[in-house]
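Numbered from 1 within each chain, the chains take letters A, B, ... in sequence-line order.
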There are 2 protein chains.
Amino acid sequence: MLEERKKQILQAIIDEYISTAEPVSSGALVNRHGLNCSSATIRNEMAELEKAGYLDKPHTSSGRIPSAQGYRFYVDELVKEDDISLEEIRYITSKLETRVNAIEDLTKIATSTLSEITHYTSVAIGPQNGFQNIEEVKFVLLGTRMLMAVILTDTGIIKETIIKFDENITEEQVNTLNFIFNNKLKGKPLEAINKPLEEYIFSEMNYSLAVIKPVMEQFNKVVNEESKVYLEGANKSFELPEFKSLEVARNFINLLDTKEMMLDLLNTGFAKDINVYIGDEKENKKLKDFSIVTFKHRYQNKDLGTIGIIGPKRMDYSKVISVMKYISKKLNEKESEG
Amino acid sequence: MLEERKKQILQAIIDEYISTAEPVSSGALVNRHGLNCSSATIRNEMAELEKAGYLDKPHTSSGRIPSAQGYRFYVDELVKEDDISLEEIRYITSKLETRVNAIEDLTKIATSTLSEITHYTSVAIGPQNGFQNIEEVKFVLLGTRMLMAVILTDTGIIKETIIKFDENITEEQVNTLNFIFNNKLKGKPLEAINKPLEEYIFSEMNYSLAVIKPVMEQFNKVVNEESKVYLEGANKSFELPEFKSLEVARNFINLLDTKEMMLDLLNTGFAKDINVYIGDEKENKKLKDFSIVTFKHRYQNKDLGTIGIIGPKRMDYSKVISVMKYISKKLNEKESEG
DNA sequence: TTTAGCACTCTTTTCTCTCGACTGCTAAAC
DNA sequence: GTTTAGCAGTCGAGAGAAAAGAGTGCTAAA
């Protein structure tokens with residue numbers, strides 16, 4: 001709907017603003033981007049782009065900055081999705097080739113690599129419990145009054161928890177627990193660990209309450225606990241000019257430090273492979289100065305967690321999206337091998 | 001060595017500065033603290049305290065602020081060690097009564113409680129591996145090609161790790177592993193997991209390399225991995241006036257974000273129960289504007305980790321030290337019970 | 001030894017002025 | 001019809017000056 005030249009100019013303005021963080025003037029555009037017209041022509045076009053809502057002006061006699069709508073158009077239509085160098089590809093590949101034993105470690109490596117390459121702050125959370133099925137449950141006696149329970153799910157995520165008892169536990173009791181829980185839970189979603197199960201075991205199995213009660217309590221905790229938030233490169237954001245504003249810096253810290261907020265931000269809205277939320281598109285006032293880009297760490301359509309970047313609205317979307325696409329692809333390949 | 005009145009005045013100045021963050025004038029002291037003399041007298045005393053090195057003056061016509069030496073004297077001689085209310089005692093007690101299964105969880109609860117009460121940023125790390133002895137090692141088969149190894153130490157810390165294999169593992173092999181490792185490691189310090197052990201098992205036990213190699217690799221990782229840094233209330237610090245300075249804020253973020261630095265800060269120097277490092281007393285330029293107060297989470301002289309507070313030099317030492325003392329005591333009682 | 005009083009110092013705030021960067025518009029050129 | 005040169009007008013950033021205010025140090029008296 002925008003004429004070709006308007007698109008070009010809009011792209012040039014946003015690119016310029018992304019790299020300088022300063023309002024962009026008509027003169028600067030003509031100088032630094034190969035546009036075949038004069039600054040006066042640019043000024044006319046800019047005025048129209050502003051009228052159409054793609055640009056803002058901090059004050060009458062200043063250059064233009066992109067509006068929220070401008071960024072949105074840029075992300076939807078103008079972004080380069082292969083803005084990634086050979087060197088970066090090599091670096092990512094080498095990082096992701098690290099042999100890991102726990103799948104969460106792979107998410108962590110991907111997250112820190114993402115931050116290293118983009119120089120923004122990256123975050124990750126594990127998968128939501130809801131979408132995981134139990135493959136196996138194992139109880140192990142530690143000492144005489146302590147059990148470790150290990151729950152293996154079909155995503156490869158392993159949850160382990162420790163259960164303490166007031167009386168000694170026998171090997172036989174451990175075996176019974178193993179039998180009961182595998183019998184009832186194998187193949188079921190994690191949510192099968194709930195009150196009805198507890199009641200069933202109490203009544204039908206007629207099994208010692210002193211043993212089963214602490215186990216169920218702890219299992220419930222594991223199922224209901226929030227996933228951990230993994231954060232990388234928080235300090236990098238503080239080098240950016242927008243963080244000179246105390247309010248912006250404080251909002252940022254607040255955001256990162258509020259686990260519920262991070263979980264909420266990373267857990268909603270996955271219409272596309274890569275999802276971009278510009279400013280307060282997520283209806284969160286604290287986000288007004290920031291953008292969030294997320295993708296799901298997936299394997300065979302199983303959710304292994306969410307990885308994201310949180311940075312200034314003026315973030316290098318092309319680079320971030322390109323790198324994410326590549327990492328996402330590599331993660332998938334990696335899983336398939338092993 | 002300081003006359004009584006000088007001490008009183010120094011205390012009043014530091015108390016005042018701690019609560020206002022503004023240079024303290026002679027007038028303000030007379031008004032707000034019950035000193036039986038005029039502002040002129042105070043001015044004379046202040047001049048002497050400054051000459052003796054306890055106070056600084058930002059500029060000729062301003063009030064005084066404590067110098068590093070002033071804070072040091074305050075912490076060593078003037079601090080109130082029971083600056084804790086009944087309400088706070090109740091809150092701490094209730095928090096620490098939470099039944100936990102893993103000891104690390106207790107450290108975490110203590111850390112977050114500390115931050116909640118003092119309103120400063122608190123940090124914690126687990127114990128150093130060096131001081132722990134192995135009580136038991138257990139291998140558990142998960143699926144067909146995966147083992148979980150659990151190492152139980154005498155501090156109650158449980159380390160678990162996952163080991164993946166390229167070929168199937170039999171129950172018999174698991175039993176052999178359990179036998180070998182318990183045999184060699186029970187009662188030994190964690191560091192017994194090292195090259196010589198590996199070589200011994202290779203040569204003397206003549207046990208399949210395909211099995212033992214991944215196990216030793218993963219064990220080595222566990223023994224050598226750095227402890228996790230647990231952080232609570234980073235955003236609270238940003239409400240403080242000193243964080244209006246961009247440089248201070250940046251240094252702070254940098255500090256918290258650099259794991260090695262945090263480990264270093266929390267792992268050295270435990271002459272007393274509670275250790276206070278004012279400004280760059282720890283020879284770290286980044287700390288110039290901050291103070292750190294730490295204590296060891298101990299049980300029967302076993303190190304269960306370190307808990308600390310990192311805040312502005314102008315921190316409420318009396319409150320921080322009092323709360324820490326109480327939490328430390330409670331942690332000890334708690335362990336003794338159960 | 002303490003205190004009142006006052007001159008002096010230095011910061012903070014406010015105001016004004018100038019400089020410079022851009023824009024928007026008009027009128028001419030293509 | 002579109003593009004461009006030119007120029008008036010707008011606004012912010014920065015420099016300086018001036019005034020206000022907070023506090024000290026010193027002197028001399030209590």
Mind listing the side-chain donor-acceptor pairs of residues 254-269 of chain A below 3.5 Å, one per line with the distance, residues two or more places apart or on another chain?
unit_1   : atom_1 : unit_2   : atom_2 : d
A/Asp257 : OD2    : B/Ala234 : N      : 3.3
A/Asp257 : OD2    : B/Asn235 : N      : 3.3
A/Asp257 : OD2    : B/Asn235 : ND2    : 3.4
A/Thr258 : OG1    : A/Asn254 : O      : 2.5
A/Thr268 : OG1    : A/Asp264 : O      : 3.1
A/Thr268 : OG1    : A/Lys282 : NZ     : 2.9

For A/Phe238, does its backbone N or O pair with a side-chain atom of B/Arg250 as donor and acceptor, under 3.5 Å? yes

Residue pair B/Glu16, B/Arg64: steps toward the salt bridge (charged side-chain N to carboxylate O under 4.0 Å, His left out) verdict: CA-CA 11 Å; B/Glu16 183 75 12; B/Arg64 301 304 207 292; over 6 Å; no

Whole angstrom value for the distance that separates C1' of C/dC10 from CD of B/Glu22: 16 Å

B/Arg5 side chain near C/dT1 phosphate (N/O to OP1/OP2, under 4.0 Å): no

Passing option when A/Ser291 is tested against A/Tyr120, A/Tyr317, A/Tyr71 for side-chain hydrogen bond (donor to acceptor under 3.5 Å, both in side chains): A/Tyr317

Compare all side-chain heavy atoms of A/Phe290 with those of A/Val248 and state whether any distance is below 4.5 angstrom. yes

Rounding to a whole Å, what distance do you find between A/Glu16:CD and C/dC22:P? 11 Å

Paired with D/dA30 by Watson-Crick or G-U wobble geometry, both distances under 3.5 Å: which nucleotide is it? C/dT1

How many Å lie between NE2 on A/His59 and C1' on D/dC11, as a whole number? 5 Å

Using side-chain hydrogen bond (donor to acceptor under 3.5 Å, both in side chains) as the criterion, list what pairs up with A/Ser25, not counting sequence neighbours. none

Sub-3.5 Å pairs of nitrogen or oxygen atoms, protein against nucleotides 13-18 of chain C:
none

Donor-acceptor contact present, side-chain A/Thr121 to main-chain A/Gly233, <3.5 Å: yes

Pairs under 3.5 angstrom only: tabulate donor-acceptor contacts from the side chains of residues 322-329 of chain A to other protein residues two or more places apart or in another chain.
unit_1   : atom_1 : unit_2   : atom_2 : d
A/Ser322 : OG     : A/Lys80  : O      : 3.2
A/Ser322 : OG     : A/Glu81  : O      : 3.4
A/Ser322 : OG     : A/Asp82  : N      : 3.4
A/Ser322 : OG     : A/Asp83  : N      : 2.8
A/Ser322 : OG     : A/Ser318 : O      : 2.6
A/Lys325 : NZ     : A/Glu81  : OE1    : 2.6
A/Tyr326 : OH     : A/Thr93  : OG1    : 3.2

For nucleotides 22-28 of chain D, give me one character per nucleotide, 5' to 3': B if any protein heavy atom sits under 4.0 Å from the base, S if the only such contacts are to the sugar-phosphate, - if neither. BBBB---

Before you tell me yes or no, could you show the steps for B/Asp15 and B/Leu78 under side-chain contact (heavy atoms from CB on, under 4.5 Å), namely the whole-Å CA-CA distance, both residues' side-chain angles and the distance that decides it to 0.1 Å? CA-CA 10 Å; B/Asp15 283 343; B/Leu78 304 174; over 6 Å; no

Rounded distance in Å - CD (A/Glu45) to C1' (D/dG1): 14 Å

Exam field: side chain A/Thr294 to backbone A/Ile307, donor-acceptor pair closer than 3.5 Å: no

In numerical order, the residues of residues 7-14 of chain B whose heavy atoms come under 4.0 Å of DNA chain D are none

Check A/Asn284 against A/Asp280 and note the closest heavy-atom contact, atom names and distance. O-CB, 3.6 Å

